[in-house]
Amino acid sequence: MKATNGKTFMEALSALCKRRGFIFQASEIYGGLNGFWDYGPLGIQLKNNIRDDWWRRMVTCTPAGPDGEPVQIVGLDSAIIQNPKTWQASGHVAGFNDPMVDCRACKARFRADQIDQYECPRKPSKKAGEHTECDLTEPRSFNLMFETYVGAIKNDESRAYLRPETAQGIFLNFRNVVDTMRVKVPFGIAQVGKAFRNEVTPRNYIFRSREFEQMEMEWFCHPDEADQWFRFGKEQRMAWWRGLGVREASLRFRDHEQDELAHYSNACVDVEYLYPFTAPDFGELEGIAHRGCFDLTQHQEHSGTKMEYFDQEKNLRFLPNVIEPASGLTRAVLVVLCEAYRVEWVPTSDDGGDPVEADPNGKAPEGYEERTVMRFLPKLAPVKAAVFPLLKNKPELVAKAQEIYNSLREHWPVFYDQTGAIGRRYRRQDEIGTPFGITVDFDTLADDTVTLRDRDTMKQQRVKIAELSSIIGNAVRG
RNA sequence: GCGGGUGUAGCUUAGUGGUAAAGCUCCAGCCUUCCAAGCUGGCUAUGCGGGUUCGAUUCCCGCCACCCGCUCCA
């Protein structure tokens with residue numbers, strides 16, 4: 001996929017992200033480290049804004065459920081390193097310590113040293129590998145989890161793992177939350193945090209990295225209601241992605257086939273996005289899984305702690321089923337960046353109309369010039385507004401601009417810039433997606449009005465200083 | 001993990017077995033009454049390590065990173 005000047009879209013986007021302080025290669029001065037990324041001053045602001053929007057939707061301002069009442073979801077922040085038995089119970093350790101052989105044909109996985117004891121899933125009468133369609137890989141070790149050692153002694157007893165997903169921390173605390181929060185099934189527990197996977201092939205910028213951030217919610221419900229909540233979660237999640245300003249045509253659902261379901265899952269649907277590097281195909285963005293009672297059962301068996309829930313009203317004791325929407329926060333950052341990035345041609349004359357999307361293969365026509373702009377929704381923009389004195393060598397303009405800047409930054413991340421020509425300052429803000437430019441000129445000193453410049457249309461209007469807060473506030477609330 | 005390609009400043013590109021050049025960006029100053037203007041000055045680069053050589057950014061080897069295919073992807 002081409003962008004401009006022969007560069008691919010992703011090259012142009014990652015160059016902007018570096019140039020403007022969104023995303024840097026981790027330990028860049030040492031040559032980097034494959035699969036790790038640092039988020040710069042604007043990147044962390046953007047990431048936090050997405051995270052906060054998810055948290056608001058998931059925890060503090062949940063949607064109404066089928067009965068019209070808001071669904072109940074509480075937050076959690078569990079440890080990255082848990083008792084290693086956690087990962088034995090969850091199934092993450094199994095198969096990691098021994099070389100494994102996969103069958104490409106039937107997706108089955110066998111221990112290499114015991115392969116003659118397995119039956120081929122397709123042909124119960126035959127051993128693995130004996131069927132004509134069997135397509136076995138070489139034995140390989142899968143060490144998807146990062147290992148570390150707890151305490152001073154490094155041995156098998158002290159070995160622990162960096163969590164490969166945040167979900168298990170939620171299951172471990174199911175009883176704690178039920179016992180302390182007066183929640184009733186159905187309810188959910190949401191968590192945002194780092195997860196680590198020693199991926200074979202990190203690829204495609206921040207799409208698949210070895211350290212990443214997840215936003216997961218485990219919804220606990222009665223088994224009879226699980227299918228209904230699965231459908232509900234599916235709709236809610238798609239609505240959230242659209243609410244980030246992602247174009248409808250760039251999103252779709254994809255149901256998992258029976259043979260690609262993970263070991264814990266009864267059903268799974270992916271929200272997929274049309275990534276520039278997968279186009280014309282879509283790529284995974286979020287998974288919504290029906291996990292049945294797999295996890296609570298496993299932890300109940302391995303820990304000996306009862307995970308059953310007792311419904312007082314119905315006098316029912318049962319092991320809840322779990323619906324899990326699991327998405328990558330860092331992947332959401334990538335999607336928002338891809339959606340926002342535009343190269344446009346803007347008319348050089350005042351009455352030339354609105355900016356138009358640039359032809360990736362062409363030069364700007366006569367009367368137009370090129371600009372790069374990040375069209376973030378105001379609620380996601382790292383910086384909400386920039387304040388400029390029209391001229392920096394006029395102390396009265398500078399003083400007034402700084403006064404406005406200082407009052408606005410009480411409420412939002414706001415930028416102040418007095419360097420260079422005013423047009424140059426607007427364009428700088430376009431590149432980081434600041435929705436509003438506020439310029440203090442000589443009229444300001446007379447009537448307390450400023451020009452408010454819109455990032456997308458590049459149009460300006462005169463507004464009272466006193467109105468700025470409500471204008472920006474309304475836009476940011478969306 | 002396999003194969004191919006690429007590594008010179010923040011970006012885009014020069015160039016050389018012997019002092020690394022330019023434009024844009026960025027910073028400072030001057031100027032400037034609304035969309036990357038002008039003038040002056042400034043910071044900043046041969047991915048890392050070894051070898052050959054009097055001398056390596058240039059030639060050779062290894063590594064690292066990135067890109068493109070495949071592979072993989074709880």
Side-chain angles (χ1 to χ4, degrees), chain A residues 1 4-8 10-12 14-21 24-36 87 90-96 100 102 104 107 109 137-138 140-142 144-145 164-165 167-168 195 197-205 207-208 210 256 260-265 268 277 283-284 287 289 291 294-295 324 326 346-350 352 355 369-373 388-394 397 418-431 437-445 450-455 457-462:
Chain A
M1 182 174 176
T4 48
N5 306 322
K7 298 181 84 175
T8 66
M10 289 309 295
E11 284 173 328
S14 58
L16 179 139
C17 285
K18 180 176 184 188
R19 182 169 75 243
R20 291 301 183 185
F24 308 120
Q25 194 174 19
S27 36
E28 184 185 323
I29 63 170
Y30 290 109
L33 186 61
N34 194 356
F36 295 90
W87 309 109
S90 69
H92 286 83
V93 169
F96 281 24
M100 302 297 285
D102 288 307
R104 297 188 184 95
K107 310 269 186 189
R109 178 170 290 172
T137 63
E138 292 299 304
R140 293 173 295 186
S141 289
F142 285 80
L144 220 55
M145 284 196 292
E165 62 175 34
Q168 295 304 321
R197 288 182 197 173
N198 210 347
E199 298 284 358
V200 177
T201 315
R203 238 350 135 76
N204 291 322
Y205 200 35
F207 176 75
R208 179 177 298 130
R210 292 187 163 126
H256 281 215
E260 66 174 321
L261 290 177
H263 60 81
Y264 52 73
S265 185
C268 189
F277 46 80
E284 182 195 351
R291 295 177 78 118
F294 175 84
D295 302 277
E324 174 198 78
V346 302
T348 47
S349 62
D350 286 343
E369 59 188 8
E370 192 174 287
R371 77 158 176 167
T372 302
V373 58
F388 315 114
L390 184 58
L391 299 170
K392 76 169 168 184
N393 60 354
K394 297 289 187 286
L397 293 184
Q418 61 178 29
T419 305
I422 189 69
R424 178 186 299 274
R425 285 178 265 167
Y426 287 147
R427 293 301 173 82
R428 279 189 196 127
Q429 295 303 315
D430 286 343
E431 279 211 337
I438 296 162
T439 303
V440 171
D441 58 19
F442 293 96
D443 290 347
T444 308
L445 305 175
V450 293
T451 62
L452 186 68
R453 183 253 195 191
D454 181 84
R455 174 196 68 198
T457 64
M458 303 173 73
K459 297 284 188 289
Q460 296 180 82
Q461 59 179 127
R462 278 210 90 79

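Letters A, B, ... mirror the listed sequences (proteins, then strands); counts begin at 1.
- Relative to the side chain of E431(A), the nucleotides C68(B), A36(B), C34(B) differ in distance, and A36(B) lies closest.
- Residue P347(A) is the one, among P347(A) and Y205(A), whose nearest nucleotide of RNA chain B lies closer to the 5' end (criterion: closest heavy atom).
- A salt bridge (charged side-chain N to carboxylate O under 4.0 Å, His left out) with E431(A) is found for exactly one of R455(A), K18(A), R19(A), namely R19(A).
- If you look at Y426(A) and F388(A), their ring centroids are closer than 6.0 Å.
- Here R203(A) does not reach the OP1 or OP2 of C67(B): none of its side-chain N or O atoms lies under 4.0 Å away.
- Proximity note for V200(A) (side chain, C-beta onward) versus C34(B), G10(B), C72(B): the nearest is C72(B).
- Side-chain atoms of D454(A) and Q460(A) form no donor-acceptor pair, as typed in the model, at a separation below 3.5 Å.
- If you measure from atom CD1 of I29(A) to atom P of U46(B), you get 13 Å, rounded to the nearest angstrom.
- Within 4.0 Å of T348(A), counting heavy atoms only, lies no atom of the nucleic acid at all.
- A22(B) and U8(B): their C1' atoms are spaced 13 Å apart (whole Å).
- Between C63(B) and G3(B), the two P atoms lie 11 Å apart (nearest whole Å).
- For C70(B), the paired base is G1(B) (Watson-Crick or G-U wobble, both distances below 3.5 Å).
- When both pairing distances are held under 3.5 Å, G23(B) makes a Watson-Crick or G-U pair with C11(B).
- D441(A) pairs in a salt bridge (charged side-chain N to carboxylate O under 4.0 Å, His left out) with only one of the listed residues (R462(A), R453(A), K394(A)), which is R462(A).
- Spacing of C1' atoms, G62(B) relative to U52(B), comes out at 15 Å, to the nearest Å.
- Rounded to whole Å, the distance from CZ on F207(A) to C1' on C73(B) is 9 Å.
- Note on K392(A): every side-chain N or O is 4.0 Å or more away from OP1 and OP2 of C30(B).
- When Watson-Crick and G-U wobble pairs are counted only if both distances are under 3.5 Å, G38(B) pairs with C30(B).
- In the set A74(B), U25(B), C34(B), A74(B) carries the atom at the smallest distance from any side-chain atom of H92(A).
- When each of C72(B), C66(B), C34(B) is scored by its nearest atom to the side-chain atoms of R462(A), the top-ranked nucleotide is C34(B).
- G1(B) and A37(B) have their P atoms separated by 48 Å, with the value rounded to a whole Å.
- To the nearest angstrom, P of G7(B) lies 13 Å from CD of E11(A).
- Among the heavy atoms of the strands, none lies under 4.0 Å from E28(A).
- Counting non-hydrogen atoms under 4.0 angstrom, Q168(A) reaches nothing in the nucleic acid.
- Listed nucleotides: G10(B), G1(B), C34(B). Nearest to the side chain of T201(A): G1(B).
- Under the Watson-Crick and G-U wobble criteria, each requiring two contacts below 3.5 Å, nucleotide U16(B) is left unpaired.
- Among G1(B), U33(B), C73(B), the nucleotide with an atom closest to any side-chain atom of L390(A) is U33(B).
- Considering only side-chain N and O atoms, R428(A) lies under 4.0 angstrom from the phosphate OP1 or OP2 of C26(B).
- One atom, CZ of R208(A), and another, C1' of G1(B), lie 14 Å apart when rounded to the nearest Å.
- With R197(A) contributing its side chain and P164(A) its backbone, the two residues share a donor-acceptor pair below 3.5 Å.
- Looking at heavy-atom distances under 4.0 Å, Q25(A) makes contact with sugar-phosphate atoms alone, never a base.
- In this structure, the side chain of R427(A) does not engage the main chain of R371(A) through any donor-acceptor pair within 3.5 Å.
- Atom name C1', nucleotides C68(B) and C30(B): the rounded distance is 49 Å, in whole Å.
- Among the atoms of the strands shown, none is found under 4.0 Å from any heavy atom of F24(A).
- Contact annotation: R425(A) does not reach the phosphate of A36(B) (side-chain N/O to OP1 or OP2, under 4.0 Å).
- Residue contacts for D441(A): at a heavy-atom cut-off of 4.0 Å it reaches a base atom on one of the strands shown.
- One interatomic measurement links the two molecules: CG of N204(A) to P of C67(B), which rounds to 7 Å at whole-angstrom precision.
- For Y30(A) against C48(B), a side-chain-to-base donor-acceptor contact under 3.5 Å is absent.
- A straight line from CD of Q429(A) to P of A36(B) spans 15 Å, rounded to a whole angstrom.
- Atom CD of E199(A) sits about 11.0 Å away from atom CG of N34(A), to the nearest 0.5 Å.
- R371(A) comes within 4.0 angstrom of nothing in the nucleic acid, heavy atoms only.
- The residue among G420(A) and R453(A) whose nearest nucleotide of RNA chain B lies closer to the 5′ end is G420(A).
- Atom P of G7(B) sits at a distance of 12 Å from the matching atom of U12(B), rounded to the whole Å.
- Of the candidates A65(B), C34(B), A37(B), C34(B) carries the atom nearest the I422(A) side chain, counting heavy atoms from C-beta on.
- Per the geometry, CZ belonging to F442(A) stands 12 Å off C1' belonging to C34(B), to the nearest Å.
- For the P atoms, the distance linking C11(B) with G47(B) amounts to 12 Å, nearest Å.
- Using the Watson-Crick or G-U wobble rule with both distances under 3.5 Å, C59(B) pairs with G51(B).
- Neither OP1 nor OP2 of C30(B) sits under 4.0 Å from any side-chain N or O of N393(A).
- Note: D430(A) CG to R20(A) CZ = 9.5 Å, rounded to the nearest 0.5 Å.
- Rounded to whole Å, atom P of C34(B) lies 8 Å from atom CG of L391(A).
- Taking CD of E165(A) as the start and CE of M145(A) as the end, the distance is 10.0 Å to the nearest 0.5 Å.
- Rounded to whole Å, the separation between the C1' atoms of U6(B) and A74(B) comes to 34 Å.
- Across every strand in view, A65(B) sits in a pair with U6(B) that passes the Watson-Crick or G-U test at under 3.5 angstrom.
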